[in-house]
Visitor: 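Got a structure for you, written out below as structure tokens; questions coming shortly.
Just so it is clear, the values below take in all heavy atoms, side chains as well, and ignore hydrogens, waters and symmetry mates. Fair warning: this is a prediction, and the values are worked out from it, not measured in the lab. Atoms within a ligand are numbered from 1 in the order they appear, just like the ligands themselves.
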Amino acid sequence: MGDTLKKTDILPHLKTAWLGRNYHYFPEIGSTNSELRRRYVTEALPAGTLFVTDFQAAGKGRLARKWVVPANSSLLLSLLLNPKWPAEKGQWLTMIGCLAVINAVKSVTGLTVKIKWPNDLMLDVENEWRKFAGILVEGEMADGMLETAVYGMGVNVNISKSQLPEAKTAPTSLMIASGQKVDRVALLISFLTHFEAQYEKAMQGESPHEAWRQELITLGQPVEVAQLHNRTVLRGTAVDIDSYGRLKVQDDLGEIHLIYAGDVSLRGHFDN
Ligand code: BT5
């Protein structure tokens, strides 16, 4: 389709009813998440508003980490959503995004994507799972409900090996995994189509967790969980998730611990 993400190049191809229809392209920005969060406070932005950029000077990961990619190489975007779900369902947005990426990457490149709990999207390159995309959901709560949420995502698309950023989990890109340049516009259009469909199912009450669980590479693996709230490290095996996406870790004594995505970093087999 092409390689420019400007509004006039995207809107004619968009297949969604509402997601991404209020489309804002920035050649350069600090962080699409921060900017969208700043602006929805003062402007009447509709649900489905999309901020997308070709370069972030201050891209954010979780837990104050950084997200770094070369200019014009990738998909860096944020979506405004008003799910009004109970707070526990926050991880559903990450699940929906993961499933949409899996479907979009499959249809555009044929590649198989897997998920590293809780928010990393992985490709098998030279027999090693490597991270090519990450999700950061930020939200505003009101009375225990997720009133407004910003779904942020970075997908490494056309980054060569020499341009990959420093990262603890080995990074990669769709171009490296597929051996050819990947059409960012086709990927964005397909992602939005799948996200909207999955989101609408979730709004009807259909949980995405079963489909998400199927794609996790974390289950059955030894894990070390650095729990930030009490500064302890839990060692054990990741055995399952629950419907809210919390990880069930069995320790050496056989006890099951429920781990929330928000305050952990996962180590061990998959360094994070
Ligand atoms: C994430 O955090 O994976 C969420 C990344 C979300 C980025 C998007 S871009 C659009 C929107 N606007 C923003 O400002 N953010 C969102 P986390 O799981 O904390 O992973 C961050 C870690 O990944 C870093 O500490 C690095 O080790 C590594 N990393 C940084 N850039 C990377 C890249 N391009 N590819 C792979 N790994 C990377």
Visitor: Show the atoms of ligand 1 that are less than 4.0 angstrom away from any heavy atom in G154.
Guide: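 So the atoms of ligand 1 that pass are 7 (C), 8 (C), 9 (S).
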Visitor: Any carboxylate oxygen within less than 4.0 angstrom of a Lys/Arg side-chain nitrogen, looking at E196 and K15?
Guide: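 Looking at E196 and K15, the cut-off is not met.
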Visitor: Can you list the atoms of ligand 1 that are under 4.0 Å from a heavy atom of N156?
Guide: 33 (C), 34 (N), 35 (N), 36 (C)
Visitor: Under a 3.5 Å threshold, yes or no: a donor from one side chain and an acceptor from the other, between S160 and Q163?
Guide: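 Judged by distance alone, the side chains do pair up.
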Visitor: May I ask you to decide whether D54 forms a salt bridge with R184, counting only side-chain N to carboxylate O separations under 4.0 Å?
Guide: yes
Visitor: Just to verify, which of Y40, F26, Y23 counts as forming a ring-ring contact (aromatic ring centres under 6.0 Å, His included) with F51?
Guide: F26
Visitor: Would you find a donor on one side and an acceptor on the other, under 3.5 Å apart, between the side chain of D242 and the backbone of Y244?
Guide: yes
Visitor: Mark up the atoms of ligand 1 that fall under 4.0 Å of a heavy atom belonging to L76, in ascending order.
Guide: 9 (S)
Visitor: Quick one: does ligand 1 sit under 4.0 Å from the side chain of L63, the backbone, both or neither, non-hydrogen atoms only?
Guide: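 It is neither part, as no heavy atom is under 4.0 Å.
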Visitor: Identify, by atom number and element, the atoms of ligand 1 in contact range of V69, meaning under 4.0 Å from any of its heavy atoms.
Guide: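 Here the atoms of ligand 1 in question are 34 (N).
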Visitor: Considering M153, E138, K168, which one's heavy-atom position lies nearest to atom 27 (O) of ligand 1?
Guide: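 When every heavy atom of M153, E138, K168 is considered, K168 comes closest to atom 27 (O) of ligand 1.
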Visitor: Any atoms of ligand 1 less than 4.0 Å from a non-hydrogen atom of T32? List them with their elements.
Guide: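 Close to T32: 10 (C), 11 (C), 12 (N).
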Visitor: Which atoms of ligand 1 sit under 4.0 Å from any heavy atom of K60?
Guide: 5 (C), 6 (C), 7 (C), 13 (C), 14 (O), 15 (N), 16 (C)
Visitor: Going by the atom numbers of ligand 1, which of them fall below 4.0 Å from some non-hydrogen atom of K66?
Guide: 21 (C), 24 (C), 30 (C), 31 (N)
Visitor: Please identify which atoms of ligand 1 are closer than 4.0 Å to at least one heavy atom of P171.
Guide: 36 (C)
Visitor: Would you give me the side-chain donor-acceptor pairs under 3.5 Å for residues 80-98, sequence neighbours excluded?
Guide:
from : atom 1 : to   : atom 2 : distance (Å)
Q91  : NE2    : P118 : O      : 3.1
W92  : NE1    : S243 : O      : 2.9

Visitor: Could you tell me which residues satisfy salt bridge (charged side-chain N to carboxylate O under 4.0 Å, His left out) with E126, sequence neighbours excluded, listed by chain and number?
Guide: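 Applying salt bridge (charged side-chain N to carboxylate O under 4.0 Å, His left out) to E126 gives R130, K161.
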Visitor: Of G152, S78, A167, which has the heavy atom at the shortest distance from atom 28 (C) of ligand 1?
Guide: A167
Visitor: Within the structure, is a non-hydrogen atom of V68 found at a distance of less than 4.0 Å from ligand 1?
Guide: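 A heavy atom of V68 does come that close to ligand 1.
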